[in-house]
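Numbering of ligands and ligand atoms starts at 1, following listing order. Here, residue 1 is the first one in the sequence, and each next residue gets the next number.
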Amino acid sequence: MAVRQGKILVIDDNEDILFTLKMLLRPLAESVTTSTNPKEINRLVSTTKYNVILLDMNFTADAVSGKEGFYWLERIREISPETVVILITAYSDTEKAVRAIKAGATDFIPKPWQNEKMLATISSALELSLRRGEVQTLKEQKSVLTTAEPKVEVIGESPVMEQIFRTLDKLKHADANILLQGENGTGKDLIAYTLHQQSPRNQEAFVAIDLGSIPHNLFESELFGYEKGAFTDAGKSKSGRFEIASGGTLFLNEIGNLPLMLQSKLLTVIEQQKINRLGSTKETPIDVRLICATNTDLHAAVNDGNFRQDLLYRINTIELFIPPLRERGNDVSLLADHFLKRYSLKYKKEIDGFSREARQLLKQYHWPGNVRELQHVIERAVILSDQKKLQYDDFMLRTPVASYREKEEKFNLEELEKNTIQEALLHCSGNLTQAADLLGITRTSLYRRLEKYGL
Ligand SMILES: Nc1ncnc2c1ncn2[C@@H]1O[C@H](COP(=O)(O)OP(=O)(O)OP(=O)(O)O)[C@@H](O)[C@H]1O
């Protein structure tokens with residue numbers, strides 16, 4: 001026999017009927033709950049997700065109109081529209097059957113029933129309900145996936161990027177949880193997608209959620225989903241990202257933003273591989289590969305008591321540091337050419353390169369917004385330019401071009417950075433965490449710079 005799935009609720013005022021149906025239907029489902037009192041329906045349906053409800057049409061003795069059945073059918077449709085409802089009555093007639101179906105029932109069974117007919121009807125009702133759930137998940141998957149940006153190949157030839165490509169290659173068959181660290185716009189999302197694409201999970205969904213851009217009060221419902229009525233605005237049930245990503249990869253961007261209370265919930269989910277939607281006691285098994293990303297130093301956050309150490313150890317089986325663009329040498333030029341080609345095509349402009357001065361500026365600029373900033377700068381320049389080559393003045397960089405030019409003439413940026421770090425270290429008596437704070441960078445970034453300048 002197939003694996004028993006789904007929950008059945010039977011409501012009938014006759015105890016014998018309930019007993020017989022319980023015995024008959026038990027082999028079909030995970031559970032069969034019975035009740036003689038229709039007033040229990042509100043409570044039962046609000047607290048448990050039933051797949052199929054078998055509902056008597058007449059509860060009061062002598063009543064034959066079926067009015068009660070229709071009343072309760074409507075209540076069930078309001079509370080749990082996805083549940084399949086089958087009506088039963090001793091006083092069947094075609095007119096009632098048609099009305100019941102119009103009112104949202106799926107089928108109608110006359111009493112006395114034949115066991116084979118009852119079993120066949122309830123089996124198909126269970127099947128229908130489970131398929132409805134799958135369709136709902138697919139719809140939600142589609143809405144999550146179609147909002148994502150189209151993904152492209154990761155471009156880079158610099159030694160630091162070559163090192164990343166070698167590591168990505170080694171991770172092809174490892175289903176390990178991965179933590180990507182790097183400044184905003186360095187390509188963490190793109191690398192997470194690449195990891196998914198090259199993994200055995202690539203036929204399943206890649207679902208991303210940016211915990212830096214959604215309000216804190218929505219974290220829980222977005223991650224774990226909710227049942228209808230779980231909170232004031234929960235008009236209907238919704239799957240969370242964990243459920244939608246099940247079988248595939250879940251990318252949690254800006255994981256450092258997760259409040260401590262949800263960190264412990266996330267830890268439990270990772271350990272038990274099950275989730276509970278908000279407002280539900282039902283556990284749903286999930287199977288996701290987790291890739292997390294952060295632009296903050298989670299190790300420092302652990303030291304400061306803002307991030308759980310046990311959670312960090314669960315998500316960072318492999319840690320990958322994605323370097324800022326300014327440390328990738330000629331990759332800036334490579335990426336600039338790539339974006340120029342893409343946007344010239346998109347905006348139908350005949351621009352075939354950069355002036356020498358413009359290319360020099362791209363190389364020297366420090367790109368605080370990394371690849372994303374470069375991409376936007378080139379797109380804007382392509383839209384506004386009316387020459388064959390992009391010029392120095394076509395770029396509207398975050399640091400104003402004029403003052404940047406002046407600074408370039410006056411200072412050597414690296415020298416400046418090195419001196420500033422030395423000063424900060426002196427000021428903080430060598431305390432790296434304090435120095436990093438003072439400089440407004442992460443401890444990891446500070447370490448890298450100390451290495452770079454041999455400090
Ligand atoms: N090496 C690369 N090659 C091609 N495109 C890249 C590369 N790195 C980043 N991009 C592009 O730059 C943009 C920003 O990258 P992405 O969103 O992956 O960065 P991120 O580190 O996840 O940013 P954030 O931390 O702000 O979420 C995207 O459009 C991405 O496609």
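With a 4.0 Å heavy-atom cut-off, ligand 1 is reached by the side chain of Leu335 but not by its N, CA, C or O.
The environment of NZ in Lys388 is crowded: more than 12 heavy-atom neighbours from other residues, nucleotides or ligands sit within 6.0 Å. The local environment of CZ in Arg75 is crowded, with over 12 non-hydrogen atoms from other residues, nucleotides or ligands closer than 6.0 Å. Around CD of Glu350, the count of heavy atoms belonging to other residues, nucleotides or ligands within 6.0 Å does not exceed 12.
Ring-plane geometry between Tyr193 and Phe206 is classed as perpendicular, the angle between the planes exceeding 60 degrees on a 0 to 90 degree scale with a lower cut at 30. Relative ring orientation between Phe242 and Phe224 is described as parallel, the plane-to-plane angle staying below 30° on a 0-90° scale split at 30° and 60°.
When only interatomic distances are considered, the shortest N/O to N/O separation between Val371 and ligand 1 does not fall below 3.5 Å. Residue contacts with ligand 1: Gln375 is placed with a nitrogen or oxygen under 3.5 Å of a nitrogen or oxygen of the ligand (distance criterion only). Checked by distance only, ligand 1 and Lys188 come closer than 3.5 Å through their nitrogen or oxygen atoms. The shortest N or O to N or O distance between Met161 and ligand 1 is not under 3.5 Å. Looking at Phe339 next to ligand 1, no N or O pair under 3.5 Å apart turns up.
Distances from ligand 1 to the non-hydrogen atoms of Val154 include at least one value under 4.0 Å. Not a single heavy atom of Gly156 lies less than 4.0 angstrom from ligand 1.
Of all the listed residues (Arg328, His376, Arg372, Glu373), Arg372 holds the heavy atom that lies closest to atom 26 (O) of ligand 1. Nearest-residue assignment for atom 6 (C) of ligand 1 (options Leu190, Ile322, Asn253, Asp331; heavy-atom criterion): Leu190.
Counting only distance, with no hydrogens or angles, the side chain of Arg380 and the backbone of Phe395 share no donor-acceptor pair below 3.5 Å. With Lys349 contributing its side chain and Ile383 its backbone, the two residues share a donor-acceptor pair below 3.5 Å.
Taking the ring axis of Tyr447 as reference, the NZ or CZ atom of Arg443 does not stay both within 45° of it and closer than 6.0 Å to the ring centre.
Short contacts between ligand 1 and Glu153, defined as distances under 4.0 Å to a heavy atom of the residue, involve ligand atoms 3 (N), 4 (C).
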